[in-house]
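One structure is given below, encoded as structure tokens.
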Number of protein chains: 2
Amino acid sequence: MKEYEIFKEISHRQNKKITKQRSIIVKKIFSLHKHFSADELFKMLKKEYSGISRATVYRTLKVLVDMGFVEEREFGRGKKYYEHIIGHDTHSHFVCIRCGKIIEFKSEIIEQEIYKIAGEYGFEVDKISTIVYGVCKECREKGG
Amino acid sequence: MKEYEIFKEISHRQNKKITKQRSIIVKKIFSLHKHFSADELFKMLKKEYSGISRATVYRTLKVLVDMGFVEEREFGRGKKYYEHIIGHDTHSHFVCIRCGKIIEFKSEIIEQEIYKIAGEYGFEVDKISTIVYGVCKECREKGG
DNA sequence: CTGTATGCAAATCCTTTGCATGCCT
DNA sequence: AGGCATGCAAAGGATTTGCATACAG
């Protein structure tokens, strides 16, 4: 598992310890390919290993965000969602305000435009978050 | 004050009462030209009128969002920010991760591109939120 | 060993709600 | 009068933190 090796490598460089819990959490996160909240992750782990506290999940997520493995987003539901970055391109999101579905999309044009404007403002871009709220195709067809 | 007249008009149509508190809150919001959190608004009002509860501020903000006067955003700080819409175009934001400054910018290209892609997905756009995190010019010049 | 990391529970921050009361219309 | 709005305090949800203990390097 290449991603996990990278995680170990960076952990060493940053003096971070690879504990049993952290290792389980990280592997779980790399196995997920959709967005999850801290608590959802905690519940998944609890079912499978039942030896990881909620606090550790929260703390580990923060560490992973700092290390650049995981991205944190807010979709307007009052809590934070995460997704691992490795192997995932920068992308934008459609969020359905009826069913909550999240659809990812990618646009070079948007990215280029943002970098261009940022340049004009002297702003150094770190992370782009484009979220489009609306109604997905399925919900529209169901009527309303 | 034209905006306030519109607010009264829509309130009537929607059977909403115009109370002293609501009136003060609305006028305050229309006088603000930057983003604010519910609690920041509450504290501003408390200083000036000291007769409005936190609950009323929260409830009124929700009403105003529903009425379409105010937009709700999350800038990744774990709480919601608001800004009034009337007279404000749709726009995107640069958020400085050092000093917290928020810079607004506008791009037709981004909007057009989003509508185009949404069309391809059959997604009906309601609201677009583009937030670019990074370091502003001033903070970059201060070093780091 | 030494410094991180963990677990637990308590604490915090932001926001929402139940209920009795107040006040527009 | 009738119903929406308010205030208060309590409840709620998400996240963070203090502290003693455990464990990786």
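What you see below is based on every heavy atom in this structure, not just the backbone, and it leaves out hydrogens, waters and symmetry mates. Chain letters run A, B, ... following the sequence lines, proteins first and then strands; every chain starts at 1.
- At a threshold of 4.0 Å, the pair A:Lys142-A:Glu138 does not count as salt-bridged, since none of the basic side-chain nitrogens sits closer than that to a carboxylate oxygen.
- Between D:dT15, C:dT16, C:dT6, one nucleotide has an atom nearer to the side chain of B:Tyr58 than all others, and that is C:dT16.
- B:Lys137 forms no cation-pi arrangement with A:Tyr121, by the criterion of a distance under 6.0 Å to the ring centre and an angle within 45° of the ring axis.
- In this structure, A:Lys79 reaches the D:dA14 phosphate: one of its side-chain N or O atoms is under 4.0 Å from OP1 or OP2.
- Rounded to whole Å, atom C1' of D:dA14 lies 11 Å from atom OH of A:Tyr81.
- If you check D:dT15, C:dT17, C:dG3 against the side chain of A:Lys17, the one that comes closest is C:dG3.
- When the nearest nucleotides of DNA chain C are assigned to B:Gly78 and A:Lys20 by heavy-atom distance, the more 5′-ward of the two goes with A:Lys20.
- A salt bridge links B:Glu83 with B:Arg73: the closest approach of a Lys/Arg side-chain nitrogen to an acidic carboxylate oxygen falls below 4.0 angstrom.
- The CD1-P distance, from A:Ile25 to C:dA5, rounds to 12 Å in whole Å.
- Between the CZ atom of A:Phe42 and the C1' atom of D:dG13 there is a distance of 15 Å, rounded to whole Å.
- Atom C1' of nucleotide C:dC14 and atom CG of B:Leu61 are separated by 13 Å, given to the nearest angstrom.
- Checking the phosphate oxygens (OP1, OP2) of C:dT6, a side-chain nitrogen or oxygen of A:Arg22 falls inside 4.0 Å.
- In the hydrophobic clustering of this structure, A:Val125 does not group with A:Ile109; members are Ile, Leu, Val, Met, Phe, Trp, Tyr whose side-chain heavy atoms approach within less than 4.5 Å, directly or through other members.
- As rounded to whole Å, 11 Å separates atom P of C:dT6 from atom NZ of A:Lys16.
- Ionic pairing of A:Glu74 and B:Arg77 is not present here: no N-O contact between side-chain nitrogen and carboxylate oxygen is shorter than 4.0 angstrom.
- The CG atom of A:Asp126 sits 10.5 Å away from atom SG of B:Cys96, with the distance rounded to the nearest 0.5 Å.
- The side chain of B:Gln21 sits closest to D:dG7 out of D:dT15, C:dG7, D:dG7.
- The separation between A:Arg77 atom CZ and D:dG12 atom C1' is 19 Å, rounded to whole Å.
- Between the C1' atom of D:dA9 and the CZ atom of B:Arg54 lies a distance of 12 Å, rounded to the nearest Å.
- A:Phe94 is not connected to A:Ile97 by any chain of hydrophobic side-chain contacts under 4.5 Å among Ile, Leu, Val, Met, Phe, Trp and Tyr, and they are in different clusters.
- Taking 4.0 angstrom as the limit, B:Lys80 places none of its side-chain polar atoms (N or O) nearer than this to OP1 or OP2 of C:dC14.
- Atom-to-atom, CD of B:Gln14 to P of C:dT25 comes out at 14 Å; the value is rounded to the nearest Å.
- Of the candidate nucleotides D:dT6, C:dC8, D:dG7, C:dC8 has the atom lying nearest to any side-chain atom of A:Arg59.
- Taken over five-pair windows at either terminus, the axes of the helix from C:dC1-D:dG25 to C:dT25-D:dA1 are inclined to one another by 40° (rounded to 10 degrees).
- Of the two residues contacting DNA chain D, namely B:Ser53 and A:Thr19, the nearest-nucleotide position lying further toward the 5' end is that of B:Ser53.
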